[in-house]
Protein chains: 2
Amino acid sequence: MTKTAAVLDSNTIIESLRDAGYRVTAPRQAIVEALTGFERAFSADDLLQHLSASDPTVGRATVFRTLDMLVSLGLLDRLHAADGCHSYVLAHSQSRHYHHLICNSCGVVVPFESCNIEALYPAVSEETDFQVSGHMLELFGLCGSCRA
Amino acid sequence: MTKTAAVLDSNTIIESLRDAGYRVTAPRQAIVEALTGFERAFSADDLLQHLSASDPTVGRATVFRTLDMLVSLGLLDRLHAADGCHSYVLAHSQSRHYHHLICNSCGVVVPFESCNIEALYPAVSEETDFQVSGHMLELFGLCGSCRA
DNA sequence: ATCCCTGCAAAGGCTTTGCATGCCA
DNA sequence: TGGCATGCAAAGCCTTTGCAGGGAT
């Protein structure tokens, strides 16, 4: 149990990449390093700008390709906020079920695990004649700091 | 109680437009007529293509402007599906709380009202120290026809 | 008669693609 | 060495904006 339990760090991500058969290259390492530094959701462009100041020059295309790759490996989550639909956050866990809670004021994103949406399935099934198999949920609110 | 209860029809939408102070123009009528014909979520482009065959020529800009207007009036819902983030469905109700259930197979969208997400708020608040104030939920599954 | 609304076309973002070169394994 | 990965630039979408003319009220 480390200080920030269950949050992926750059080494773990790089290892996952390698395990999945992808090559560990300098641009990919720079991208992974950068995205573990974000505390809130970031866009491809945020990442691009952040990287423009870093060691290796990373091309636009590489950023998009790497983001897609990380999402497909479950290492990165795509956020579907009300306004911007294309932002990303580091995945919280690859094994446990969780969702995101987003602060309306500062934009910080935290995961939460207490989700009993599946309890809704029977009622919804009955109401709609659907066989429900999945859900997408995001909560909004105010974080502790912003309330203060 | 009509056959398809609580679903907005084109006349109701047009009246709401008028009530909100917007002018009732031919392009707007054509757009409203077209979108009440869709059974599943549609994109701006779907609408545009559908309209290219209709009576008045409706410009791209007008379609986007009208969609935004209808969404802001609560007559149209923006859907945030996993893949495409920019599709629309006719609003189900302007007063009641509901969400969308989307068929993974045919894409049909139906609303459902049995949502007790708010019951989650206390547990999530305690877990995260957020003051939760809203949520976004979408369910996925198989509709009756697709199961058959 | 007002001035909101429209179409057109151009501009603007964001994302993807093609291709020759580079570099990890 | 082989072939995945990269950068660059161009192309591709999708959406918005500017503007002069048109139509609803």
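Fair warning: this is a prediction, and the values are worked out from it, not measured in the lab. By convention in this document, chain letters (A, B, ...) are assigned in the order of the sequence lines, proteins followed by strands, and residues within each chain are numbered from 1.
Close placement of the A/His99 and A/His135 rings is indicated, their centers lying within 6.0 Å of each other. Aromatic rings of B/His100 and B/Tyr98 (six-membered ring for Trp) have centroids within the 6.0 Å cut-off, being under it.
Crowding of B/Gln29 atom CD: a count of heavy atoms from other residues, nucleotides or ligands under 6.0 Å exceeding 12.
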Evaluation steps, side chain to side chain donor-acceptor pair (under 3.5 Å), between A/Asp46 and A/Ser43: CA-CA 5 Å; A/Asp46 292 335; A/Ser43 64; 3.2 Å; yes
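A/Asn11 and A/Glu15 are not linked by any side-chain donor-acceptor pair at a separation below 3.5 angstrom, with hydrogens and angles left out of the test. Of the N and O atoms on the side chains of A/Thr12 and A/Asp9, at least one donor lies less than 3.5 Å from an acceptor on the other residue.
Salt-bridge annotation for B/Arg78 and B/Asp68: present, with a side-chain N of the basic residue lying under 4.0 Å from a carboxylate O of the acidic one.
We find that CG of B/Leu67 is positioned 11 Å from C1' of D/dT15, with the value rounded to whole Å. Atom CZ in A/Phe64 sits roughly 17 Å away from atom C1' in C/dG18 (whole-Å rounding). The nearest whole Å value for the distance from the CZ atom in B/Arg60 to the P atom in C/dA11 is 15 Å. B/Leu47 has its CG atom 12 Å from the P atom of D/dT15, to the nearest Å. Distance, A/Tyr88 OH to C/dC14 C1': 11 Å, rounded to whole Å. Put simply, CG on B/Asp46 is 11 Å from P on D/dT15, counting in whole angstrom units. One interatomic measurement links the two molecules: CG of A/Leu17 to C1' of D/dA5, which rounds to 12 Å at whole-angstrom precision. Protein atom CZ of A/Arg65 is 9 Å distant from nucleotide atom C1' of C/dT16, rounded to whole Å.
Contact annotation: B/His86 side-chain N/O to D/dC14 OP1/OP2 distance is not under 4.0 Å.
Taking the nucleotide of DNA chain C with the nearest heavy atom to each of A/Asp45 and A/Ala61, the more 5' of the two is matched to A/Asp45. The residue among B/Tyr22 and A/Val63 whose nearest nucleotide of DNA chain D lies closer to the 5′ end is A/Val63.
Closest to the side chain of A/Ala44, out of D/dG7, C/dA9, C/dT15, is C/dT15.
Within residues 24-37 of chain A, the residues that have a heavy atom under 4.0 Å from DNA chain D are, in order of number, A/Thr25, A/Pro27, A/Arg28.
Side-chain to base pairing of B/Arg23 with C/dC5: no donor and acceptor N or O lie closer than 3.5 Å to each other.
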